[in-house]
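For reference, the structure is listed below as C-alpha cells.
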Amino acid sequence: MKILWVLILLLGTIVCMAGEKGGRNRSFKPGELWPDNQGIHINAHGGGMLKVGKIWYWFGEHKVEGRNGNSAQVGVHCYSSRDLYNWKDEGIALKVVTDNPEHDITRGCILERPKVIYNRKTDKYVMWFHLEPKGKGYSGALSGIAVSDRVTGPYTYLKAVRPNAGFWPINVPEQRQDKNANSGEQVFNGGSLPENVGDLSLLKRDFTGGQMARDMTLFVDDDGKAYHIYASEENSTLQISELTEDYLDYSGKYARFFAGRFMEAPAMFKKDGKYYLIMSGCTGWAPNAARSAVADSIWGPWKELGNPCRGKDAEKTFYSQSTYVLQVGKDRFIYMGDRWTPENAIDGRYIWLPLEFEDGKPVLKWVDEWDLSWFNHRK
C-alpha cells in the first residue's frame, strides 16, 4: 500500500510539473478557447507582455460574465509562461478597490489595456493603463499608474493623470501655440471628421488640464527610454509621450500624429532601426480594417502603410483588434489581438498571428493553427 501511495504521489507531481512547464498546448489556435494551467480560459484581455529572464508575463483585463464585464470588477490579471503556449495563473496583479466608491480604481470603473515595463534604474515594475472613473463614461480619458517590487505584484496604485498639462507638442510650431488656450466644451467621437479638427482646437482645449489618453500602449526603446502611445483629442489624433526616467510620469516632451485619422488600439515595435505601429480605426467594439505605419524616428514623420491584413476577413482584421506586438526573436514578431464580445465580456478570444514583412511592410495572414517553428521556414 505504501508503494502504491508513493507511485500516486509521483504521478501527481509529474502531472503538475507538466501543467506548469507546458506539454498540454503545443501550438497557437487563434480564436479558440485557451486554457491556463487550471483548465480555465485565460482572462487577460487588451493585454501586454513582459519577459523577465526566461519567463514571459502576460498582463490583461480580467473580465466577468455579461455586459457587466466591460467595466472593471476584479482588476488586472497576470499569467506566466516559459513557452508562450502554456500559461500559469499568477493571480490578480492589481486589484480594484471594493470598499471605497470614491477611489479612482473602485469596482465598476473602466480599466483598460494594462501594460507593464521594468525600470532598471529603480528596479521597479511599472504598470500603466487607460482609466475612466466609475459612472462617467469615457469622459475622464486618464492614465493610471501603479508600481511593484515583484513582476507578478501586487501592484500599488499611485495616481491617475492627464498627459502633459501645460506643455505643447514638439511638432506644433511656436506660431501656432496659443497661450490663451481654448477651454471650450467641444466634444466628438467616432470616425467623423469635424471641419476644424486640424486647427488644434482640441489640443488647446485640453492644454491646461492635460491631454486626453484612451487606448494605449507602452514602448521601451533600446536606450532605455520609455514612451506612452495613446489615442487623444477625442480619439481623433495619436500622441506619443516620453516618460520620466523612473517611468512614473511624463517628461513633458510629446508629439501628435495622424491628426483627424481616428487611430486607436496602438501597438508599437521596432525592426531594423525603424519604428512600426499597428492600429485600428474607431468603430467601438465592432472590428474594422487594421492600419499600419512606419518611421525612422519615434518622433516621426510617420508614414501610413495601409491595412497589414491579407486574405479573407482582412477588412475586419480577422474580427480582432490589436493590443500588442510581441517580439520573440530577431525579426520574429507575433501580432496579439482581441476578439471582443461585449454581450458576454468573459468570452473574449485571443487572435495571435505570425507577423511577416513584405517589401518593408508588416503583413498579417490568417493561420488556423501554428507554432513557433513557423518562423524557421521564413526568410
Side-chain angles (χ1 to χ4, degrees), residues 48-54 56 84 113 115-121 126 128 169-172 215-232 237-247 250-259 261 263-280 290-310 317 322-337 352-365 372 374-379:
M49 290 283 177
L50 178 66
K51 190 176 186 182
V52 180
K54 296 183 178 180
W56 297 96
L84 296 177
R113 299 183 178 270
K115 305 292 185 288
V116 174
I117 51 180
Y118 173 67
N119 190 294
R120 293 183 180 276
K121 292 183 178 180
V126 182
W128 285 65
I170 61 173
N171 59 348
V172 172
D215 276 14
M216 55 138 285
T217 193
L218 297 177
F219 176 77
V220 179
D221 210 342
D222 302 330
D223 59 4
K225 288 187 177 180
Y227 301 87
H228 186 213
I229 303 99
Y230 50 92
S232 190
T237 302
L238 197 77
Q239 293 186 1
I240 297 178
S241 290
E242 180 186 76
L243 300 184
T244 52
E245 287 192 0
D246 58 10
Y247 301 169
Y250 298 98
S251 72
K253 182 180 181 179
Y254 74 110
R256 61 194 298 269
F257 303 100
F258 314 112
R261 291 286 289 126
M263 305 282 204
E264 64 178 12
M268 179 178 283
F269 63 102
K270 191 175 183 180
K271 179 182 183 295
D272 299 331
K274 293 182 181 292
Y275 300 83
Y276 291 88
L277 278 166
I278 304 291
M279 301 161 285
S280 80
R291 304 173 184 184
S292 61
V294 64
D296 291 325
S297 166
I298 199 167
W299 299 117
W302 283 88
K303 176 186 177 182
E304 288 197 52
L305 299 175
N307 185 356
C309 300
R310 303 287 185 271
T317 315
S322 50
T323 184
Y324 198 77
V325 172
L326 173 63
Q327 184 169 6
V328 294
K330 179 175 171 51
D331 298 332
R332 297 182 174 193
F333 300 89
I334 297 175
Y335 162 86
M336 293 173 52
W352 284 27
L353 294 170
L355 191 151
E356 303 178 69
F357 275 82
E358 296 178 359
D359 300 322
K361 298 180 180 181
V363 171
L364 290 170
K365 300 175 183 176
L372 294 175
W374 184 94
F375 294 108
N376 298 334
H377 308 294
R378 305 291 171 173
K379 294 182 180 180

When you look at Leu355 and Val325, which way does the side-chain contact (heavy atoms from CB on, under 4.5 Å) test go after all the steps?
CA-CA 9 Å; Leu355 191 151; Val325 172; 4.3 Å; yes
Apply side-chain contact (heavy atoms from CB on, under 4.5 Å) to the pair Leu84 and Val328, showing each step before the final yes or no.
CA-CA 10 Å; Leu84 296 177; Val328 294; 3.6 Å; yes
Determine, step by step, whether Phe333 and Tyr276 satisfy the side-chain contact (heavy atoms from CB on, under 4.5 Å) criterion, reporting the C-alpha distance in whole Å, the side-chain angles of both residues, the deciding distance to 0.1 Å, and the verdict.
CA-CA 12 Å; Phe333 300 89; Tyr276 291 88; over 6 Å; no
Phe269 vs Leu277, test: side-chain contact (heavy atoms from CB on, under 4.5 Å). Steps then yes/no.
CA-CA 7 Å; Phe269 63 102; Leu277 278 166; over 6 Å; no
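Between Pro308 and Pro362 the shortest heavy-atom distance is CB-O, 3.2 Å. The two residues Met279 and Pro266 come nearest to each other via the heavy atoms CG-CA, 3.9 Å. Of all heavy-atom pairs spanning Tyr247 and Tyr118, the tightest one is CE1-O, 3.4 Å. Of all non-hydrogen atoms in Asn171 and Arg256, the two that sit nearest each other are ND2-O, 2.7 Å. Between Ser322 and Tyr335, the shortest heavy-atom contact is N-OH, 3.3 Å. Here the closest non-hydrogen pair linking Lys115 and Gly48 is CD-CA, 3.7 Å.
Atom CG of Asp223 has more than 12 neighbouring heavy atoms from other residues, nucleotides or ligands inside a 6.0 Å radius. Counting non-hydrogen atoms of other residues, nucleotides and ligands closer than 6.0 Å to NZ of Lys270 gives a total above 12. For NZ of Lys361, the number of neighbouring non-hydrogen atoms (other residues, nucleotides, ligands) closer than 6.0 Å is 12 at most.
Between Lys365 and Glu358 there is a salt bridge, since a side-chain N of the basic residue sits under 4.0 Å from a carboxylate O of the acidic one. Note on Lys121 versus Glu245: salt bridge recorded, some NZ/NE/NH1/NH2 to OD/OE distance being below 4.0 Å.
Geometrically, Lys271 engages Phe357 in a cation-pi contact defined by less than 6.0 Å to the ring centre and at most 45° from the axis.
Using a 4.5 Å heavy-atom threshold, the side chains of Glu242 and His228 count as separate. Residues Asp272 and Asp331 meet the side-chain proximity criterion, which asks for heavy atoms closer than 4.5 Å.
Expressed to the nearest 0.5 Å, how far CG of Leu238 lies from CG of Asp215 amounts to 10.0 Å. Taking CG of Leu50 as the reference point, atom CG of Leu326 lies at 10.5 Å (rounded to 0.5 Å). One finds the NZ atom of Lys253 at 14.0 Å from the OG1 atom of Thr244 (value rounded to the nearest 0.5 Å). Here Met216 contributes atom CE and Thr323 contributes atom OG1; the two are 9.0 Å apart, rounded to the nearest 0.5 Å. Taking CD1 of Ile117 as the start and CG of Leu218 as the end, the distance is 4.5 Å to the nearest 0.5 Å. From Ile278, atom CD1 reaches atom CZ of Arg291 across 12.5 Å, with rounding to the nearest 0.5 Å.
By the 30° and 60° cut-offs, the orientation of the rings of Tyr250 relative to Tyr230 is perpendicular.
With hydrogens and angles disregarded, a donor-acceptor distance shorter than 3.5 Å links the side chain of Thr317 to the backbone of Ala290. A donor-acceptor distance shorter than 3.5 angstrom exists from the side chain of Gln327 to the backbone of Gly329, with no hydrogens or angles considered. Put simply, the side chain of Ser280 never gets that close to the backbone of Ala265: no donor and acceptor are under 3.5 Å apart. For Tyr324 (side chain) and Met49 (main-chain N/O), a donor-acceptor pair under 3.5 Å exists by modelled atom type.
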Just list the side-chain donor-acceptor pairs under 3.5 Å for residues 294-303, sequence neighbours left out, or say none.
residue, atom, partner, partner atom, Å
Asp296, OD1, Lys274, NZ, 2.6
Ser297, OG, Trp299, N, 3.1
Trp302, NE1, Ile298, O, 3.2

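Side-chain contact, Tyr254 with Gln239: no donor N or O sits under 3.5 Å from an acceptor N or O.
Checked against the 6.0 Å centroid criterion, the rings of Trp128 and Tyr227 do not qualify as a close aromatic pair.
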